[in-house]
Amino acid sequence: IMQKSFMVGINLYSRSEVVAMEWLVQEVLDFQCFVTTVHNFLWFYLKAAKADDKVEDLAKHLALLTLLDHKHLSYWPSTVAASVVALACLATDKESSCHRVME
């Protein structure tokens with residue numbers, strides 16, 4: 001944010017005051033920030049695909065392989081998760097499951 005000050009109603013706040021207020025709200029609500037990964041989305045797409053254990057194991061293995069190449073970090077974790085589940089479904093001849101993931 002490039003703004004140096006923020007107007008809320010008749011009050012004017014500096015950028016540091018706004019950041020301090022954000023931290024206070026997060027602490028009061030016990031909000032936990034974390035970086036999302038492919039594994040945070042895998043369960044969703046595996047459920048959508050109605051995946052069996054074989055598809056799930058292959059999808060998790062493919063997800064681990066994406067960590068080996070830093071180029072994959074340029075894609076959203078949700079996109080990578082959907083891709084590895086779709087690929088696992090196609091590799092195990094579960095084409096109808098792949099279509100569910102794509103939808």
Joint cluster assignment, [X] & [Y], ILVMFWY side-chain distance < 4.5 Å:
{"X": "Tyr75", "Y": "Phe44", "result": "yes"}
{"X": "Phe6", "Y": "Leu12", "result": "no"}
{"X": "Leu87", "Y": "Leu65", "result": "yes"}
{"X": "Val84", "Y": "Leu68", "result": "yes"}

Show your working on side chain to side chain contact (heavy atoms under 4.5 Å, CB included) between Met21 and Tyr13 and close with a plain yes or no.
CA-CA 10 Å; Met21 286 185 247; Tyr13 299 98; 3.3 Å; yes

Side chains of [X] and [Y]: closer than 4.5 Å at any heavy-atom pair?
{"X": "Ser78", "Y": "Tyr45", "result": "yes"}
{"X": "Val85", "Y": "Lys47", "result": "no"}
{"X": "Lys94", "Y": "Asp52", "result": "yes"}

Ignoring hydrogens and geometry, is there a side-chain-to-backbone donor-acceptor pair from [X] to [Y] under 3.5 Å?
{"X": "Thr92", "Y": "Ala88", "value": "yes"}
{"X": "Asn40", "Y": "Thr37", "value": "yes"}
{"X": "Glu27", "Y": "Leu24", "value": "no"}

Within this structure, what is the [atom1]-[atom2] distance for the pair [X] and [Y], rounded to the nearest 0.5 Å?
{"X": "Leu67", "Y": "His39", "atom1": "CG", "atom2": "NE2", "answer": "6.0 Å"}
{"X": "Thr79", "Y": "Phe41", "atom1": "OG1", "atom2": "CZ", "answer": "8.5 Å"}
{"X": "Trp76", "Y": "Thr36", "atom1": "CH2", "atom2": "OG1", "answer": "8.0 Å"}
{"X": "Leu90", "Y": "Leu58", "atom1": "CG", "atom2": "CG", "answer": "10.5 Å"}

Shortest non-hydrogen contact from Ala51 toward Val55:
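So the two residues come closest at CB-CG1, 3.6 Å.
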
